[in-house]
Amino acid sequence: MQRSMITSSVTMGQIQKQLDMIANNLANASTTGYKSKNATFTELLEQQIDNINPQEDKAPRLTPAGIRSGTGAKIDDIKTDMTQGGIQSTDRDLDLALTSPDQMFEIGVSNGTGGRVTQYTRDGAFYLSVDAQNPDQVNLVTRNGQAVLDSNGNPINLPSGTKSIEVGPNGEVTAIMPNDARQTVGQIGIVTINRPELLESRGDNLYGLPNMQALGLTVADVLTQTPMADRAVKSHALENSNVDMTKEMTDLVTLERSYQFNARALTMSDQMSGLVNNLIR
């Protein structure tokens with residue numbers, strides 16, 4: 001009975017983690033460029049309990065003597081689904097969508113000490129913000145104010161008074177001045193993700209790299225700069241989330257039933273323990 005209670009309680013804790021993950025997917029079903037996460041389960045440690053002596057049991061058997069008892073299940077892996085989301089057309093010059101599922105924009109995020117770390121996103125809803133150090137220029141930023149980086153890892157700056165902006169299929173940013181003069185200000189940094197399973201979610205729809213040294217890997221093992229000819233940028237458009245509402249709701253119902261069964265097993269084991277204790281008394 002104690003073994004069954006341990007098995008049920010351990011499994012319930014892991015099921016709760018997947019329920020939280022599904023809740024996060026559902027909450028971000030309308031988040032631009034959001035990629036859903038999927039979990040897989042594996043069985044925990046098993047113990048072989050031999051309650052039959054194979055030498056005395058002469059009957060033919062198709063199964064091993066005794067029983068194999070497990071200690072519950074745990075989440076084995078959580079993977080980010082990088083499949084392409086739907087493309088929605090908009091009227092904004094600074095709305096950009098990547099039409100290749102393995103590409104991401106480079107974003108510069110402040111590290112709190114005056115420096116900047118590079119992170120990655122599929123959210124192409126960009127804006128203009130006046131540079132705090134130079135009022136005569138504006139910066140291309142995300143909806144949260146992080147700098148959009150160019151292919152050299154530098155923030156993209158536009159001259160003050162820019163009338164409109166054009167972004168080409170390769171990410172080239174052109175500022176159109178009031179006199180209709182055109183000025184190329186840079187190319188948006190875009191990387192190709194070779195091993196998406198290694199990306200770590202950093203919040204705000206951003207992804208970062210893990211501790212590469214601890215994994216014995218280099219940055220080039222995870223991502224590479226996307227060649228100009230392979231870039232796939234669509235302007236005046238945004239990528240929708242790839243969350244499959246039908247799948248998420250189906251998984252939610254299945255997990256709730258599994259949680260219910262384990263909770264019932266835990267309750268029954270507790271009741272049986274109480275009956276045994278009363279008999280002993």
Side-chain angles (χ1 to χ4, degrees), residues 27-35 84-101 103-112 114-191 193 199 201-208 225-226 231-243:
N28 287 280
S30 58
T31 300
T32 302
Y34 177 80
K35 299 301 177 184
Q84 181 77 40
I87 303 298
Q88 179 180 358
S89 297
T90 68
D91 296 327
R92 294 184 67 246
D93 294 335
L94 293 179
D95 281 347
L96 307 176
L98 292 170
T99 57
S100 178
Q103 295 180 11
M104 283 190 170
F105 297 111
E106 289 186 284
I107 306 299
V109 180
S110 173
N111 59 7
R116 185 174 59 241
V117 295
T118 302
Q119 295 181 3
Y120 311 93
T121 187
R122 294 279 297 186
D123 185 355
F126 298 144
Y127 299 84
L128 296 179
S129 175
V130 177
D131 193 312
Q133 305 298 326
N134 185 1
D136 292 331
Q137 69 180 19
V138 292
N139 301 327
L140 188 63
V141 299
T142 67
R143 66 177 74 241
N144 294 313
Q146 294 106 345
V148 179
L149 303 181
D150 62 16
S151 53
N152 295 319
N154 300 315
I156 297 178
N157 304 316
L158 294 93
S160 179
T162 299
K163 182 175 67 173
S164 62
I165 296 173
E166 290 183 0
V167 181
N170 62 357
E172 184 177 80
V173 180
T174 301
I176 302 176
M177 306 309 293
N179 59 357
D180 292 333
R182 302 171 65 87
Q183 180 180 342
T184 300
V185 296
Q187 289 181 315
I188 296 176
I190 299 174
V191 295
I193 308 299
L199 292 179
S201 179
R202 299 294 170 82
D204 293 332
N205 214 2
L206 294 169
Y207 296 89
Q225 287 290 330
T226 306
R231 296 183 171 206
V233 179
K234 182 178 177 59
S235 60
H236 299 88
L238 291 174
E239 180 188 11
N240 294 326
S241 165
N242 68 349
V243 174

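Heavy-atom basis, side chains included; hydrogens, waters and symmetry copies ignored. By convention here, the first residue in the shown sequence is residue 1.
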To the nearest 0.5 angstrom, please state how far the [atom1] atom of [X] sits from the [atom2] atom of [Y].
X	Y	atom1	atom2	result
Q88	N240	CD	CG	5.0 Å
Q103	T226	CD	OG1	4.5 Å
T90	L96	OG1	CG	8.5 Å
N139	F126	CG	CZ	13.5 Å
D204	Q119	CG	CD	9.0 Å
T174	D93	OG1	CG	11.5 Å

Residue pair [X] / [Y]: nearest heavy atoms and the distance that separates them:
X	Y	value
Q225	I190	OE1-O, 3.5 Å
N242	G85	CB-CA, 4.2 Å
G124	L238	C-CD2, 3.7 Å
Y120	E106	CE2-CG, 3.8 Å
A237	I87	CB-CG2, 3.7 Å

Partners passing side-chain contact (heavy atoms from CB on, under 4.5 Å) against N179 (at least two apart in sequence or in another chain):
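side-chain contact (heavy atoms from CB on, under 4.5 Å) check on N179 returns M177, A181.
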Taking only residues two or more places apart in sequence or in another chain, which ones pass side-chain contact (heavy atoms from CB on, under 4.5 Å) with T121?
F105, I107, D123, N205, L206
Taking atom types as modelled, find out whether D91 and H236 have a side-chain donor-acceptor pair closer than 3.5 angstrom.
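Side chains of D91 and H236: no pair found under 3.5 Å.
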May I ask you to check whether Q137 and D131 show a side-chain donor-acceptor distance below 3.5 Å?
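Judged by distance alone, the side chains do pair up.
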Using a 3.5 Å distance criterion without hydrogens, assess whether the side chain of [X] forms a donor-acceptor pair with backbone atoms of [Y].
X	Y	result
T184	G186	no
Q84	L98	yes
S241	V243	yes
D150	N152	yes

Looking at side-chain heavy atoms only, is the closest gap between [X] and [Y] below 4.5 Å?
X	Y	result
S129	V141	yes
V148	I188	yes
L149	N154	no
P155	N157	yes

Pairs in or reaching into residues 231-240: which pass salt bridge (charged side-chain N to carboxylate O under 4.0 Å, His left out), with residues at least two apart or in two chains?
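Output for this query lists K35-E239, R122-E239.
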May I have all residue pairs that pass salt bridge (charged side-chain N to carboxylate O under 4.0 Å, His left out) and include part of residues 169-188, sequence neighbours excluded?
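As it turns out, the salt bridge (charged side-chain N to carboxylate O under 4.0 Å, His left out) pairs with a partner in residues 169-188, which skip direct neighbours, are K163-D180, E166-R182.
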Residues T32, R143; criterion side-chain contact (heavy atoms from CB on, under 4.5 Å); working and verdict:
CA-CA 11 Å; T32 302; R143 66 177 74 241; 3.8 Å; yes
For D136, what residues pass the salt bridge (Lys or Arg N to Asp or Glu O under 4.0 Å) criterion, not counting sequence neighbours?
none
With sequence neighbours excluded, residues passing salt bridge (Lys or Arg N to Asp or Glu O under 4.0 Å) with D95
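Testing D95 for salt bridge (Lys or Arg N to Asp or Glu O under 4.0 Å), a comparison that skips the adjacent residues, returns R92.
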Set out, in order, the CA-CA distance, both residues' side-chain angles and the distance that settles side-chain contact (heavy atoms from CB on, under 4.5 Å) for I176 and I165, then state yes or no.
CA-CA 6 Å; I176 302 176; I165 296 173; over 6 Å; no
